[in-house]
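Note sheet for the following structure.
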Amino acid sequence: MAWELINEPRDQTDYSGKTVNVWVQEMASFVKSLDNKHLLEVGMEGFYGDSIPERKQVNPGYQVGTDFISNHLINEIDFATIHAYTDQWVSGQSDDAQLAWMERWVTSHWQDARNILKKPLVLAEFGKSSRGQGYNLSSRDTFMSSVYRNIYNLAKEGGTMAGSLVWQLMAQGMENYDDGYCIVLGQNLSTTGIISGQSQSMTTLAHLVH
């Protein structure tokens, strides 16, 4: 469907996001010169930089040298992405507090994608780590269901919410690659049902919208 320039770029020597912006512009132009028939996205986590200073309060208490707004305003970038790892970024908070932060994170970027960028938005990575304190399957299912419900409601409201992807689905026998976020569909039937239900709901919504 699309090319990704780089996974989760960060430049901790320039928190404004301007250095990364120059790189994205150069690389995006180059990729489009080679292939203008596919979509192109950056691969960003969604951290805000200096272009809209008040937006930095949405960040999880720190910056990483990117600017969600300016980096995605580049013409050659076709859609925006964000990632979200609440158990890392706002660790130590309760499940309810992490869910509340997650909703603010997604909604803020949806508003900016709709009102400023005028581009689709994809929540390209999210999950709940099995290595987190107090983890259990029920807590992960509750978390995913809540995130999916928010995604669906924003998409239903109109604008630019295009969908979401989990990190990460794996086939049976790939457990050695598990970083804590692994979901093996055949071994996690409740989670599989949640993912399948969201896929069906979003597909139905897409048909209704179009």
Side-chain angles (χ1 to χ4, degrees), residues 1-93 98 101-127 129 147 150-151 154 159-168 177 179-181:
M1 185 187 84
W3 296 110
E4 178 173 283
L5 289 182
I6 185 173
N7 179 58
E8 299 186 348
R10 295 186 173 193
D11 180 4
Q12 314 239 321
T13 65
D14 180 7
Y15 288 117
S16 72
K18 292 177 181 177
T19 300
V20 169
N21 212 62
V22 172
W23 182 87
V24 171
Q25 179 65 77
E26 180 182 356
M27 291 299 104
S29 298
F30 177 65
V31 171
K32 284 292 189 178
S33 75
L34 299 176
D35 179 6
N36 62 7
K37 298 184 182 298
H38 288 85
L39 299 173
L40 180 63
E41 49 102 356
V42 183
M44 286 187 165
E45 298 157 285
F47 288 82
Y48 290 98
D50 287 359
S51 63
I52 303 180
E54 59 269 25
R55 271 306 198 205
K56 289 190 284 187
Q57 65 183 334
V58 179
N59 290 339
Y62 57 92
Q63 294 173 254
V64 298
T66 61
D67 187 316
F68 174 77
I69 302 296
S70 63
N71 298 158
H72 283 105
L73 279 173
I74 291 171
N75 288 335
E76 290 82 0
I77 299 302
D78 297 303
F79 64 96
T81 63
I82 58 172
H83 299 174
Y85 291 103
T86 57
D87 41 17
Q88 296 179 39
W89 295 356
V90 287
S91 61
Q93 297 191 20
Q98 290 187 11
W101 184 89
M102 180 76 170
E103 185 170 341
R104 286 194 300 272
W105 182 253
V106 173
T107 302
S108 173
H109 290 84
W110 168 73
Q111 290 170 341
D112 293 333
R114 182 179 64 171
N115 299 327
I116 300 175
L117 304 178
K118 313 293 187 183
K119 295 179 181 181
L121 172 68
V122 175
L123 173 58
E125 289 185 24
F126 84 97
S129 176
V147 173
N150 187 34
I151 294 294
L154 292 177
T160 58
M161 179 54 73
S164 55
L165 302 168
V166 297
W167 183 266
Q168 59 182 328
Y177 294 94
D179 59 357
Y181 294 93

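Bear in mind that the values here come from a model prediction, so they are computed numbers and not experimental data. The first residue in the sequence is number 1, and the count goes up from there.
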Checklist entry - Does the ring of Phe47 carry Arg10 above it, NZ/CZ under 6.0 angstrom from centre and within 45° of its axis? => result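 Flagged: Arg10 positioned over aromatic ring of Phe47.
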Item to check | Aromatic ring proximity, centroids under 6.0 angstrom, His83 and Phe126 | outcome: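 No, the ring of Phe126 stays outside the 6.0 Å limit from the ring of His83, centre to centre.
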Spacing of [atom1] belonging to [X] relative to [atom2] belonging to [Y], to within rounding of 0.5 Å:
X	Y	atom1	atom2	value
Ile151	Glu103	CD1	CD	10.0 Å
Arg114	His109	CZ	NE2	15.0 Å
Thr160	Leu117	OG1	CG	8.0 Å

Do the side chains of [Y] and [X] get nearer than 4.5 Å, heavy atoms only?
X	Y	answer
Leu5	Leu40	yes
Leu123	Leu165	no
Ile82	Glu125	no
Ile52	Ile116	yes
Thr81	Leu121	no
Met44	His72	yes

Would [X] and [Y] count as having a side-chain donor-acceptor pair, cut-off 3.5 Å?
X	Y	result
His38	Asp35	yes
Thr66	Tyr15	no
Ser29	Gln25	yes

If you count every heavy atom of other residues, nucleotides or ligands that lies below 6.0 Å from [X] atom [atom1], does the total exceed 12?
X	atom1	result
Tyr62	OH	yes
Lys18	NZ	no
Trp3	CH2	no

Closest non-hydrogen atom pair, [X] against [Y]:
X	Y	answer
Gly49	Asp67	C-OD2, 3.4 Å
Ser51	Ser70	OG-N, 4.1 Å
Lys119	Ile77	NZ-O, 2.6 Å
Ala162	Pro120	CB-CB, 4.2 Å
Gln63	Tyr48	NE2-O, 3.7 Å
Asp87	Ser129	OD2-N, 2.7 Å

Next on the checklist: Set out, in order, the CA-CA distance, both residues' side-chain angles and the distance that settles side chain to side chain contact (heavy atoms under 4.5 Å, CB included) for Asp179 and Trp167, then state yes or no.
Outcome noted: CA-CA 10 Å; Asp179 59 357; Trp167 183 266; 2.9 Å; yes
Item to check | Stepwise side chain to side chain contact (heavy atoms under 4.5 Å, CB included) test for Glu8 and Val64 | outcome: CA-CA 10 Å; Glu8 299 186 348; Val64 298; over 6 Å; no
Taking [X] for its side chain and [Y] for its backbone only, find out whether a donor-acceptor pair lies under 3.5 Å.
X	Y	result
Asp14	Thr19	yes
Asn36	Lys32	no
Asp11	Gly65	no

Item to check | Lys/Arg-Asp/Glu bridge criterion (N-O < 4.0 Å) met for Asp50, Arg55 | outcome: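 Salt bridge absent between Asp50 and Arg55.
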Checklist entry - Can you tell which of Trp89, Phe68, Tyr85 makes a ring-ring contact (aromatic ring centres under 6.0 Å, His included) with Trp105? => result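 Testing each of Trp89, Phe68, Tyr85 against Trp105, the sole residue satisfying ring-ring contact (aromatic ring centres under 6.0 Å, His included) is Trp89.
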Checklist entry - Would Glu4 and Val42 satisfy side chain to side chain contact (heavy atoms under 4.5 Å, CB included), going step by step from the backbone distance to the final call? => result CA-CA 5 Å; Glu4 178 173 283; Val42 183; over 6 Å; no
Next on the checklist: If you apply the rule side chain to side chain contact (heavy atoms under 4.5 Å, CB included), what do you find for Phe79 with Met1, and how did you get there?
Outcome noted: CA-CA 12 Å; Phe79 64 96; Met1 185 187 84; 3.9 Å; yes
